[in-house]
Number of protein chains: 2
Amino acid sequence: MDAELGTRDRIVKAATVLFQNKGYHATGLNEILRKSNAPKGSLYYYFPDGKEQLALEAINQTKIFIEKTIRERLELIQDPAESIKNSIEEMADNLNAGEDEKLSFRSNKKVSINLIAMETATSSETLRKACDSAFNTWQNVYAQKLIDGGFERKRAENLSLIIQTMIEGAIIMSLTKKVINL
Amino acid sequence: MDAELGTRDRIVKAATVLFQNKGYHATGLNEILRKSNAPKGSLYYYFPDGKEQLALEAINQTKIFIEKTIRERLELIQDPAESIKNSIEEMADNLNAGEDEKLSFRSNKKVSINLIAMETATSSETLRKACDSAFNTWQNVYAQKLIDGGFERKRAENLSLIIQTMIEGAIIMSLTKKVINL
DNA sequence: GTCTATAGTACGATAGAC
DNA sequence: GTCTATCGTACTATAGAC
């Protein structure tokens with residue numbers, strides 16, 4: 001998989017998908033290395049602090065990627081309510097789309113950092129903060145769109161928190177009800 | 001802890017708290033046994049199918065307990081919107097309250113099956129179904145309250161799904177932002 | 001920088017005495 | 001029914017050759 005990418009990028013990409021789908025504790029480093037065709041030595045060469053450092057990188061890359069995705073979607077429509085609705089529908093469509101690549105056992109779909117956030121909230125302050133930062137970043141994109149559309153600042157912040165909360169809740173419910181299939 | 005309870009109940013109680021707080025994969029059977037003062041032999045005597053069977057029991061007990069709690073709260077106020085709002089505030093207060101008991105490292109607070117649901121949605125069909133059933137049960141309590149209050153059935157079902165979704169989303173956000181401290 | 005071999009620990013699960 | 005000892009496996013992490 002991803003022969004064009006360097007070793008480091010392959011490891012991070014595989015880790016991102018596995019952590020998001022299976023969870024932080026259910027994913028072994030060996031599994032990540034198998035999926036990314038990298039040797040264990042390379043992992044500890046690029047991430048001397050091991051699993052936690054790798055997860056931190058995965059979370060931060062996801063934060064940036066999703067922020068960019070939301071931002072691009074919101075630019076397409078001027079009205080804030082319409083554009084946000086459109087952006088969420090786009091996310092949902094991506095999750096319902098077919099697999100990107102053939103894999104031995106599991107898709108490459110990226111859902112959210114939702115599961116990682118829950119798992120690490122009480123066990124790793126480093127990872128909890130990274131997840132919090134990601135949620136805040138995404139929320140701010142919605143808030144700014146609402147402000148640009150004429151909403152008062154405080155109101156925009158409240159609404160964007162509700163939007164972010166509902167999206168994360170919807171992911172849990174969809175996965176549990178198997179509306180989304182990973 | 002819980003010297004008055006039988007061995008089986010002590011194991012289930014400890015497992016319920018640990019699975020909800022740390023997660024299914026992060027919680028070891030040894031940890032559950034330490035916390036419940038039970039020997040490993042007893043665990044496999046009561047739960048011959050091991051960890052998954054124990055988690056199933058924990059989910060089902062949580063389903064019943066939370067259903068009862070919501071139902072009791074909703075009976076206190078007649079107006080559906082007011083009573084549901086009140087019930088949610090009650091849940092939030094419980095999470096912000098002090099610890100029930102002194103523990104070596106972690107509280108006994110029960111949050112939701114939220115984390116277990118995410119972890120097992122793609123790895124154990126048995127546990128996924130149990131979580132789905134729990135969410136549906138709780139949702140139905142809200143829906144019935146709305147119907148009794150005069151809402152049309154379809155509208156009540158839609159609203160209750162949104163309520164359930166927002167509660168689960170709010171738990172994620174609160175844990176990640178450390179508004180709740182477990 | 002890349003890779004293999006392996007240390008050291010914890011896991012889930014089982015066997016069998018009592 | 002209760003308990004301990006232990007098996008086999010998987011984990012994170014490290015050492016050291018190349």
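The model shown is predicted, which means the values in this text are computed figures rather than measured ones. In what follows, chains are A, B, ... by sequence order, proteins preceding strands, each numbered from 1.
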Selection: residues 43-50 of chain A, any non-hydrogen atom under 4.0 Å of DNA chain C: A:Tyr45, A:Tyr46
In whole angstroms, the gap separating P of C:dG12 from CG of B:Leu29 amounts to 4 Å
To the nearest angstrom, how far is B:Ile32 atom CD1 from C:dC11 atom P? 10 Å
With a cut-off of 6.0 Å (strictly less than), are more than 12 heavy atoms of other residues, nucleotides or ligands near CD of A:Glu89? yes
If you assign A:His25 and A:Gly41 each to the DNA chain D nucleotide with the nearest heavy atom, which residue ends up on the more 5' nucleotide? A:His25
So if I take every side-chain heavy atom of B:Lys40 and compare against C:dT4, C:dC3, C:dA13, which nucleotide ends up nearest? C:dA13
Rounding to an integer number of Å, can you tell me how far B:Leu33 CG sits from C:dT14 C1'? 14 Å
So, is the end of the B:Lys51 side chain (NZ or CZ) under 6.0 Å from the ring centre of B:Tyr24 and within 45° of the ring's axis? yes
Rounded distance (nearest 0.5 Å) linking atom CE of A:Met91 with atom CD1 of A:Ile167: 4.0 Å
Take the protein atom NZ of A:Lys51 and the nucleotide atom C1' of D:dT14, then report the distance between them rounded to whole Å. 17 Å
Say you draw a straight line from CG of A:Leu56 to CD of A:Glu52; how long is it, rounded to the nearest 0.5 Å? 7.5 Å
Check: A:Glu82 main-chain N/O paired with A:Asn86 side-chain donor or acceptor under 3.5 Å: no
Calculate the interatomic distance between B:Asn37 atom CG and D:dC3 atom C1'; express it in whole Å. 13 Å
Any donor-acceptor N or O pair under 3.5 Å, side chains B:Glu57, B:Gln61: yes
Does D:dT12 have OP1 or OP2 under 4.0 Å away from a side-chain N or O of A:Asn30? no
